[in-house]
Amino acid sequence: MSLNPQRTIAELKELRKLTEDANGAQRVAWTDIWLRAREWFVSKLGDLPVERHLDAAGNHWVTLAGESPRALLLGGHLDSVPNGGWLDGCLGVMASLEILRRFAAQYNNRPPITIRLVDFADEEGARFGRSLLGSSAFGGTASIEADRKRADKDGILLEDALRLCGVEIDDFPKATVEQRNAAAYLELHIEQGPVLESKGLTLGVVTGTKGVERHAITFQGQEAHSGSTPMNARRDALAAAAKLALEIRPIARKHPDAVCTMGSLKTFPGIVTAVVGRCETTLDQRDLNAAVLAEMYQAARAASERYAAEEGCAVEWSRIWNIEPIPFHPNLIDLCGQAVRETTGTSLRLPSGPLHDAAEVARAGIPTVMMFVQSLRGISHNKIEDTREEHLEAAIAALDRLASKTVEWIEQK
Ligand SMILES: [Zn+2]
């Protein structure tokens with residue numbers, strides 16, 4: 001009734017002004033600027049008849065009670081990476097607020113079901129290297145022992161930084177109480193990639209977040225003098241690694257949405273006069289389909305062994321981290337497709353390569369879907385991150401339609 005996407009854009013600009021410097025947004029979680037952003041957000045609630053609190057993991061909940069305690073959850077994250085953009089995460093939070101306002105206005109402050117907005121704490125993991133910190137606590141998958149002793153670049157421990165913000169890491173499991181009555185979760189986010197722009201589309205329906213296999217791969221050959229070692233007598237660890245770096249491209253290209261990246265490479269001894277004796281690399285592989293992910297992992301592993309043998313080297317793999325693909329809810333994907341089509345005329349389904357808080361919510365068994373809005377140049381985590389204002393307006397309007405459809409869906413269940 002009173003949806004005003006222009007207001008959301010104006011608020012996002014206000015937040016930008018409040019929390020950026022010459023290098024971009026600085027709303028890093030557990031810092032003063034992030035706390036200031038959250039205070040600013042509270043000021044935007046005005047006289048809405050809502051209850052609000054921080055849960056045990058520092059996630060901020062704003063609840064508009066409805067006729068039924070069953071709740072539609074809407075959210076995002078106000079935190080950013082250092083030198084970040086003005087939309088990543090906060091678009092979801094501020095669009096959710098606009099929709100909450102619309103429900104309050106339309107139903108005289110008492111919607112048919114409860115509407116809850118969540119600003120998840122520390123989605124980015126920018127300071128301590130642990131992404132999805134708050135949402136994993138909400139979802140019940142927090143890794144407290146592994147995380148408490150994480151330190152930032154100044155040596156400050158994660159558990160101490162949280163304590164300064166009033167959050168005790170040992171209390172994280174209590175955040176799962178927020179799952180009570182949660183009937184669905186919707187999240188609007190910028191795409192952060194080039195797909196929608198390349199297809200000339202405004203919005204996309206996210207089918208899920210890709211699973212990730214992340215490994216350290218070390219090739220071991222023989223360090224030797226670059227002048228005295230004939231070419232046919234070398235056991236060059238870099239040569240084996242380089243062959244693998246090229247091979248992961250055809251391995252990924254066999255599947256339409258798969259990606260494989262060798263993002264780091266270190267050579268030892270790493271001097272101009274020595275054949276590389278040891279080469280340490282990393283491999284990151286992603287796909288929405290668990291079978292495809294497993295197949296790509298096996299293919300890369302077999303290729304590494306083949307190239308190691310060709311170069312007279314040994315190869316060792318060790319897993320750094322992995323997560324399974326997390327598909328979103330089929331009914332909500334359909335509803336999101338309808339909302340996007342009604343708003344823009346077309347609808348494209350695409351998986352998300354980056355992880356999002358929505359993945360943790362879905363993993364907790366709460367029906368979930370995300371909507372993407374086009375990112376200009378596909379760039380984010382950068383001060384040049386941007387989206388056309390007419391696209392932002394369309395995104396907020398489409399999320400609003402989706403919210404109404406989801407409320408109906410929850411009522412019928
Ligand atoms: Zn984000």
Side-chain angles (χ1 to χ4, degrees), residues 81 124-126 128-132 143 146 150-151 153 192-194 209-226 229 231-325 351-355 378 380-382:
V81 296
E124 300 285 1
F128 294 101
R130 198 326 182 174
S131 307
L132 311 184
S143 41
R150 286 174 179 272
K153 64 179 184 344
Q192 303 177 279
T209 57
K210 292 179 183 180
V212 183
E213 280 287 353
R214 199 171 285 170
H215 290 85
I217 309 167
T218 300
F219 292 91
Q220 188 70 47
Q222 179 62 57
E223 231 172 82
H225 194 288
S226 67
T229 315
M231 295 310 287
N232 63 4
R234 295 182 176 205
R235 296 169 54 207
D236 185 338
L238 174 59
K243 286 180 172 178
L244 181 63
L246 297 178
E247 182 67 23
I248 60 163
R249 299 190 294 183
I251 286 172
R253 281 180 190 142
K254 277 174 68 182
H255 312 283
D257 293 318
V259 286
C260 295
T261 306
M262 272 173 76
S264 89
L265 184 145
K266 282 186 214 151
T267 59
F268 300 89
I271 57 171
V272 70
T273 52
V275 175
V276 173
R278 190 167 90 249
C279 185
E280 297 177 356
T281 69
T282 58
L283 177 63
D284 176 289
Q285 299 179 291
R286 302 185 190 218
D287 195 77
L288 190 59
N289 180 318
V292 166
L293 194 57
E295 185 192 318
M296 293 200 304
Y297 164 61
Q298 286 305 333
R301 196 154 181 154
S304 74
E305 280 156 15
R306 192 164 69 245
Y307 295 134
E310 282 176 19
E311 299 300 327
C313 298
V315 63
E316 244 179 60
W317 283 60
S318 78
R319 181 175 272 140
I320 300 170
W321 182 73
N322 73 328
I323 187 167
E324 71 274 24
S352 173
L355 282 161
S380 78
H381 286 194
N382 188 300

Applying side chain to side chain donor-acceptor pair (under 3.5 Å), run through H215 and Q285 and close with a yes or a no.
CA-CA 9 Å; H215 290 85; Q285 299 179 291; 5.0 Å; no
Min side-chain heavy-atom separation L283-Y297 under 4.5 Å
no
Which distance, rounded to the nearest 0.5 Å, do you find between the CD of Q298 and the CD1 of I251?
11.0 Å
Please round to the nearest 0.5 Å and tell me the distance separating atom CZ of R234 and atom NE2 of H225.
10.5 Å
Please report the shortest heavy-atom distance between L355 and K210, naming the atom on each side.
CD2-O, 4.4 Å
If you take all heavy atoms of A245 and M262, which pair is closest and at what distance?
CA-SD, 3.4 Å
Can you tell whether the side chains of E213 and R286 come within less than 4.0 Å, N to carboxylate O?
no
Return the CG to OG1 distance between L265 and T282, rounded to the nearest 0.5 Å.
8.5 Å
Specify the closest pair of heavy atoms between P250 and L246, including all atoms of both residues, with the distance to one decimal.
CD-O, 3.1 Å
Under a 4.5 Å cut-off applied to non-hydrogen side-chain atoms, are E223 and P269 in contact?
yes
Check the pair V212 / I323 against side chain to side chain contact (heavy atoms under 4.5 Å, CB included), numbers first and verdict last.
CA-CA 5 Å; V212 183; I323 187 167; 3.9 Å; yes
Per the side-chain contact (heavy atoms from CB on, under 4.5 Å) rule, which among H255, E247, M296, R253 passes with C260?
M296
Distance-minimising heavy-atom pair for A274 and S226:
N-CB, 3.9 Å
The reported gap from CG in L132 to OG1 in T209 (rounded to nearest 0.5 angstrom) is 9.0 Å
Of all heavy-atom pairs between T229 and A224, which one has the smallest distance, and what is that distance?
OG1-CB, 3.3 Å
Is there a donor-acceptor pair closer than 3.5 Å between any side-chain N or O of S352 and the backbone N or O of P354?
yes
Which atom of A303 lies closest to which atom of L244, heavy atoms considered:
CB-CD1, 4.0 Å
Could you tell me whether E311 and R235 have a side-chain N and a carboxylate O separated by less than 4.0 Å?
no
Answer whether the closest heavy-atom distance between the side chains of R214 and R319 falls below 4.5 Å.
no
Taking atom CZ of F219 and atom CG of D236, what is their separation to the nearest 0.5 Å?
11.0 Å
Heavy-atom side-chain contact between Q220 and E316 under 4.5 Å
no
Measure the CG-CG distance between L293 and L288 for me, rounded to the nearest 0.5 Å.
10.0 Å
Beyond-backbone contact of I217 with V315, side-chain heavy atoms, under 4.5 angstrom:
yes
Mind checking whether P325 and N289 have side chains closer than 4.5 Å, heavy atoms only?
no
Does R278 qualify as a cation-pi partner of F268, given the criterion of NZ or CZ under 6.0 Å from the six-membered ring centre and within 45 degrees of its axis?
yes
